[in-house]
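Structure record follows, encoded as structure tokens.
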Amino acid sequence: MKDTMRAFVAVERGRYELREVPVPQVGDDDILIQVKAAAICGSDVHVYDGHMDPLCGYPVIMGHENAGVIVAKGRNVPERWQVGDRVTSENTIDTCGTCYACITGDYVACESRRGMGIGADGCLAEYVLIPGKILRQVPDVIFHIPDNVSFEEAPLMEPAANGYKAVFQEGRLMAGETAVVSGAGALGLYSAHMAALGGAAHVVLLVRKSTDPAKLEMARKMGVTDVIYSDDPDAALAKVAGLTGGFGADLFVETTGVPAVLQLGMRALHVKGRAVRIAINDAPYGFGLDDITLRSIELIGHMGYNTISWRNTINLARAGKLDLTSIVTHTVSLDECAHGFNMMVSREAGKVIVKIAD
Ligand SMILES: [Zn+2]
Ligand SMILES: [Zn+2]
């Protein structure tokens, strides 16, 4: 194997380059993955556009949604992982292993967690290392890719697993309920798709009127039944009331981070409805929270996924029930990574796949 590899590196705020860096050393407990394909996530874009600095500082290899093949393993790595296995990683590189989040299986919410591309080197590179410590703490930190899922599709399991956890594990959707999902990005569309797979009677997408019609087309393909607009709140609420016999929606999944959208979504819920907030945006919220008290609305924080989210999402993919690729608009090479990021920043692209090796 080579000693060096190409990697897309955030060098400092606003400066990125394709660099030749050393291939990570494989210790006795580690797994080395040759990355075949990766996907660019909205959270990678937060680093790229300078809104967020990597927690581990610069320089850092970017990217966390990945798929590839195991090319080396240390002698202590369990038998279930073999050289040649096709795998996707859920991208956690390190956790403390002892906090409340870790011991209850929600290690993604561990406050000491380091994830690929933000707290540690990521997967927009020819190789990525899965350290032995995390394999011991979270045995399902990597997963075998089902035979019917390609390397270009598998990195999308990561945002899809986020949607799974929001809709089913946190949002507790039941068949026949009505779900409202805000935002037409990857998390919004996969959440809407999960709600449709879960038997929601209506899957309502809440977006701005200016949303690209192509995204609305994708949304319908993925199971959205109705579209409402945040710039026309009265009509939006009337539509939800009409769909639900005047009751209001059961579940709201918020992926935009816009305060007025959270407020509108909560108002679309019936008394005791559930609102799950996936979005990241630390802007102050300019409204009171009496709705939560007086209407017993449950506002649930969402951070990532857990092993159950991943296993069930992979089961859906293996059964051919999951539409992973409708949201993909562009595929680029590792050399064209910056172009891929720029298309995400300008919103010209929906989801961008980076094909790294054949
Ligand atoms: Zn992601
Ligand atoms: Zn922890």
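Ligands are counted one by one from 1 in listed order, and the atoms in each one are counted from 1 as well.
His193 and Asp323 share no side-chain donor-acceptor pair at under 3.5 Å. Between the side chains of Asn312 and Tyr164, at least one donor N or O sits under 3.5 Å from an acceptor N or O. Between the side chains of Ser326 and Lys221, at least one donor N or O sits under 3.5 Å from an acceptor N or O.
Checked options Asp121, Ile61, Val60; the residue passing with Pro54 is Val60 (criterion: side-chain contact (heavy atoms from CB on, under 4.5 Å)). If you run side-chain contact (heavy atoms from CB on, under 4.5 Å) between Phe252 and each of Thr178, Leu262, Leu299, Val276, only Leu262 comes through.
Of all the N, O or S atoms in Glu158, the one closest to the Zn ion (ligand 1) is OE1. Within Glu65, the N/O/S atom positioned nearest the Zn ion (ligand 1) carries the name OE2.
Salt bridge absent: Glu177 and Arg172 never bring a charged side-chain N and a carboxylate O closer than 4.0 Å.
Phe341 has its ring centre less than 6.0 Å from the ring centre of Phe8.
Within the protein, the number of N/O/S atoms found under 2.8 Å from the Zn ion (ligand 2) is 4.
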